[in-house]
Peer 1: 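So that we are looking at the same thing, I have put the structure below in structure tokens.
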Amino acid sequence: MANLPSSILVTGGAGFIGSALVRMLNETTDARVVTLDKLTYAGHRENLAGLAHPERHTFVHGDVCDRALCAAVLAEHRVEAVLHLAAESHVDRSIVGADAFVETNIVGTHRLVEAARAHFSALSAEGRARFRFVHVSTDEVYGSLAPNELPFTEKSPVRPNSPYAASKAAADHLVRAAHRTHGFPAILTNCSNNYGPRQMPEKLIPVVIERALARMSIPIYGDGLQVRDWIHVDDHCRALLRVLEAGRAGEVYNIGGDCERTNLALVRALCAALDHERPRADGAGYAAQIEHVADRPGHDRRYAISSAKLAHELGWRATTPFEQGLADTVRWYLANGAWLAAVSSAEHRAFMARQYGPHARSLT
Ligand code: NAD
Ligand code: TYD
């Protein structure tokens, strides 16, 4: 990747996608990377353990809402590009309480952008020409699709339905406005549902794997016929690096896996992969543990997103075949029980008990 900046700030780099991105930058480029992460329940230093080139990585424990800290990090590390991933990211948590989502996703993005704008203004003409701020967002800002509707494009109306999606949409608007008003060289990306190693076991795929192995019920919200468009986290990260390298300032790029699955089909595929990798001692399939539970309030029925612009303009394509990526992910979780234990904080366990307690009984 010839055109990548040499000093990059990644916010949220101790989370699921952020840590995959920091790893990719560390292993496949020469860039110096500084991670700024608050280490909420979703952020873990373990996620960044074992980097191939630790001398090219700096970890800063801090909050994107702290503008002075953001300014200091940008200046001290002579940052040439920002990849902004720090966020509260779980829809179900945003339904229980949205304060942290407004604070981090909206106020935090605003403060970081303000600090980055000041930093950008002080750069040389050459530095300003090179500087990029990539704001990492979600397809959920576009709302829900009917079964016969075409996938979201960059021109789809923004119609967020959950507090999470609304907070991300608000942040997207602030970033876009910074470009339009101030000429700040920001690029927005909106990606579909990611899967892969190190995803917190509150999202569907790791919830299913963890609860299946623990012989607990596997909770499917409502009829399970909601559709998500799945993409491997490494394909998402490759798209982000391509956007950083060659994306045009002020543009939006949608990123998707072109892989629509109903939740029920996905969960059955996961159960089959587990049956293959670690069969239940009693010979029954893990699918026997599936239990339909009350639906999520405001549950979006279908997401699907077109990456045509990214493909045509920047030549990116998702390359991980879904079945292979899913099987690899299952194997990663089976081999990393210690990671699951390490990320299972009291805070996480309290949320899970609140979310699943009444209906997700242990089957053993
Ligand atoms: P995650 O919840 O796994 O990680 C979020 C990280 O942000 C954690 O390390 C956390 O400690 C950190 N963080 C939270 N608040 C912070 C703050 N105030 N200051 C600094 N750090 C803070 O999330 P993820 O799934 O890795 O998602 C990363 C980004 O990608 C988010 O912006 C999310 O909206 C976006 N995204 C996620 C998906 C997906 O499927 N997971 C899809 C599209 C877009
Ligand atoms: P999730 O992983 O939370 O991602 P998102 O809400 O951002 O799409 O959920 C993916 C889908 O799986 C979504 O339709 C909700 C559903 N789901 C369940 O059916 N059961 C669960 O326990 C969870 C966490 C999600």
Side-chain angles (χ1 to χ4, degrees), residues 10-21 35-45 47-48 60-66 69-70 83-95 100-101 103-105 107-109 111-112 135-141 144 161-162 164-165 167-168 171-172 189-196 198-208 211 217-231 233 236-237 240 255-257 261-264 266-267 290-296 299-303 305 343 352 355-356 359-360:
V10 178
T11 72
F16 163 48
I17 302 171
S19 63
L21 186 61
T35 294
L36 173 62
D37 197 296
K38 188 179 174 183
L39 297 180
T40 66
Y41 78 93
H44 301 278
R45 289 298 304 266
N47 289 350
L48 294 169
V60 178
H61 184 194
D63 192 332
V64 290
C65 297
D66 184 343
L69 174 66
C70 293
L83 291 156
H84 176 39
L85 291 90
E88 289 291 332
S89 69
H90 191 33
V91 172
D92 289 331
R93 283 179 179 263
S94 79
I95 294 169
F101 290 73
E103 192 60 24
T104 286
N105 300 2
V107 178
T109 298
R111 299 247 169 85
L112 176 68
H135 174 65
V136 178
S137 189
T138 165
D139 61 354
E140 303 190 24
V141 301
S144 187
N161 292 320
S162 71
Y164 162 67
S167 69
K168 292 294 292 187
D172 294 6
T189 63
N190 294 84
C191 187
S192 62
N193 284 62
N194 284 222
Y195 71 95
R198 301 181 187 84
Q199 186 168 33
M200 270 300 286
E202 62 182 2
K203 305 280 170 66
L204 179 63
I205 288 178
V207 162
V208 170
R211 296 185 70 90
S217 62
I218 297 172
I220 297 233
Y221 298 161
D223 62 10
L225 298 180
Q226 305 84 4
V227 172
R228 296 294 182 265
D229 178 356
W230 294 95
I231 182 170
V233 64
H236 183 191
C237 292
L240 294 175
I255 307 168
R261 294 288 186 281
T262 65
N263 292 340
L264 208 46
L266 170 72
V267 170
I290 291 174
E291 189 169 276
H292 288 263
V293 300
D295 208 351
R296 171 188 279 174
H299 200 168
D300 283 336
R301 197 67 182 164
R302 174 175 169 241
Y303 304 140
I305 191 157
V343 302
M352 295 302 278
Q355 183 69 9
Y356 299 104
H359 42 244

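Counting starts at 1 for both ligands and their atoms, following the listed order. Model, not experiment: these values are computed from the prediction.
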Peer 1: Run the contact test for Y356 against ligand 2 with a 4.0 Å cut-off on heavy atoms, strictly below, and give the result.
Peer 2: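 A heavy atom of Y356 does come that close to ligand 2.
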Peer 1: Measure the spacing between NE2 of H292 and CG of D223 and express it to the nearest 0.5 Å.
Peer 2: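 So the NE2 of H292 and the CG of D223 are separated by 7.5 Å.
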Peer 1: Could you find the nearest protein heavy atom to atom 25 (O) of ligand 1 and give me its residue, atom name and distance?
Peer 2: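 The answer is F16 CD2, 3.7 Å.
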Peer 1: Tell me, please: is A14 in heavy-atom contact with ligand 1, that is, under 4.0 Å?
Peer 2: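 Right, A14 reaches ligand 1.
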Peer 1: Which protein non-hydrogen atom lies closest to atom 3 (O) of ligand 2, naming both residue and atom, and how far is it?
Peer 2: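 Result: R296 NH2, 3.1 Å.
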Peer 1: Where on K168 is there a heavy atom closer than 4.0 Å to ligand 1, on the side chain, on the backbone, on both, or on neither?
Peer 2: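 K168 to ligand 1: side-chain contact only, backbone stays beyond 4.0 Å.
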Peer 1: Among H90, R93, E140, which one puts a heavy atom closest to atom 5 (P) of ligand 2?
Peer 2: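 Result: the heavy atom closest to atom 5 (P) of ligand 2 is in E140.
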Peer 1: Run down the list Y221, Y303, W230 and name the one with the heavy atom closest to atom 21 (C) of ligand 2.
Peer 2: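 The option holding the nearest heavy atom is Y221.
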Peer 1: Applying ring pair (Phe, Tyr, Trp, His ring centres under 6.0 Å), name anything that partners H90, two or more places apart in sequence or on another chain.
Peer 2: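 In terms of ring pair (Phe, Tyr, Trp, His ring centres under 6.0 Å), with neighbours along the sequence ignored, H90 is linked to F351.
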Peer 1: Less than 4.0 Å is my threshold; does some heavy atom of S19 fall inside it relative to ligand 1?
Peer 2: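 No.
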Peer 1: Which residue owns the protein heavy atom closest to atom 19 (N) of ligand 1, what's the atom, and how far is it?
Peer 2: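 Here the nearest protein heavy atom works out to V64 N, 3.0 Å.
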Peer 1: Indicate yes or no for a side-chain donor-acceptor contact from N190 to the backbone of T138 under 3.5 Å, with no hydrogens or angles considered.
Peer 2: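 Checking the backbone N and O of T138 against the side chain of N190, a donor-acceptor pair under 3.5 Å is found.
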Peer 1: Checking contacts here: is it the side chain or the backbone of V91 that comes within 4.0 Å of ligand 2, counting heavy atoms only? Could be both or neither.
Peer 2: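 Only the side chain of V91 comes within reach of ligand 2.
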Peer 1: Pick, from I17, T138, T104, the option with the minimum heavy-atom distance to atom 38 (C) of ligand 1.
Peer 2: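 Ranked by closest heavy atom to atom 38 (C) of ligand 1, first place is I17.
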Peer 1: Measure the distance from atom 20 (N) of ligand 2 to every protein heavy atom, then report the residue, atom name and distance (to 0.1 Å) of the closest one.
Peer 2: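 So the nearest neighbour among protein heavy atoms is P219 O, 2.9 Å.
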Peer 1: What residues form a side-chain hydrogen bond (donor to acceptor under 3.5 Å, both in side chains) with S167, not counting sequence neighbours?
Peer 2: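 Testing S167 for side-chain hydrogen bond (donor to acceptor under 3.5 Å, both in side chains), a comparison that skips the adjacent residues, returns N105.
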Peer 1: At less than 4.0 angstrom from any non-hydrogen atom of V136, what atoms of ligand 1 do you find?
Peer 2: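 Counting atoms of ligand 1 from 1, those under 4.0 Å from V136 are 30 (O), 32 (O).
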Peer 1: Just to confirm my output: which protein heavy-atom neighbour is closest to atom 40 (O) of ligand 1, and how far is it?
Peer 2: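 Minimum-distance protein heavy atom for atom 40 (O) of ligand 1 reads N194 N, 2.9 Å.
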Peer 1: Can an N or O of L36 be found at a distance shorter than 3.5 Å from an N or O of ligand 1?
Peer 2: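 No - when backbone and side-chain N and O of L36 are compared with those of ligand 1, no distance drops under 3.5 Å.
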Peer 1: What residue and heavy atom of the protein are closest to atom 21 (N) of ligand 1, and at what distance?
Peer 2: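 Here the closest protein heavy atom is K38 N, 3.0 Å.
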Peer 1: N193 near ligand 1, heavy-atom distance under 4.0 Å?
Peer 2: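 It does, in that a heavy atom of N193 comes within the 4.0 Å cut-off of ligand 1.
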Peer 1: Report yes if some N/O of D92 lies less than 3.5 Å from some N/O of ligand 2; otherwise report no.
Peer 2: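 N/O-N/O distance under 3.5 Å: no.
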Peer 1: Return the residue, atom name and 0.1 Å-rounded distance of the protein heavy atom closest to atom 16 (C) of ligand 2.
Peer 2: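 For this ligand atom, the closest protein heavy atom is N263 ND2, 3.4 Å.
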Peer 1: Would you check whether Y164 reaches within less than 4.0 Å of ligand 1, judged by its heavy atoms?
Peer 2: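 Yes.
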Peer 1: Out of A42, A165, C191, S137, whose heavy atom is nearest to atom 44 (C) of ligand 1?
Peer 2: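 Among A42, A165, C191, S137, the closest heavy atom to atom 44 (C) of ligand 1 belongs to S137.
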Peer 1: Purely on distance, is any nitrogen or oxygen of E88 under 3.5 Å from one on ligand 1?
Peer 2: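 Looking only at distances, the answer is no, because the N/O contact criterion of under 3.5 Å is not met.
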Peer 1: Can you confirm whether I255 sits close enough to L240 that some side-chain heavy atom of one is under 4.5 Å from a side-chain heavy atom of the other?
Peer 2: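 Touching, per the 4.5 Å side-chain cut-off.
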Peer 1: One residue to check: S192. Relative to ligand 1, which of side chain, backbone, both or neither has a non-hydrogen atom less than 4.0 Å away?
Peer 2: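 The answer is the backbone of S192.
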Peer 1: N/O to N/O below 3.5 Å, does that happen between D300 and ligand 2?
Peer 2: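 N/O-N/O distance below 3.5 Å does not exist for this pair.
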Peer 1: Which option, D63, V107, D37, owns the non-hydrogen atom nearest atom 11 (O) of ligand 1?
Peer 2: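 Residue with the shortest heavy-atom distance to the ligand atom: D37.
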Peer 1: Regarding atom 15 (C) of ligand 2: of the candidates E202, H299, M352, M200, which has the closest heavy atom?
Peer 2: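 Ranked by closest heavy atom to atom 15 (C) of ligand 2, first place is H299.
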Peer 1: Report the part of L39 (side chain from C-beta onward, or backbone N, CA, C, O) that has a heavy atom under 4.0 Å from ligand 1; answer both or neither where that applies.
Peer 2: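 Only the backbone of L39 comes within reach of ligand 1.
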Peer 1: What protein heavy atom lies closest to atom 1 (P) of ligand 1? Include the residue and the distance to one decimal.
Peer 2: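 Result: S89 OG, 3.5 Å.
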Peer 1: Below 3.5 angstrom, do we get any N/O pair linking L204 and ligand 2?
Peer 2: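 Right, the criterion is met.
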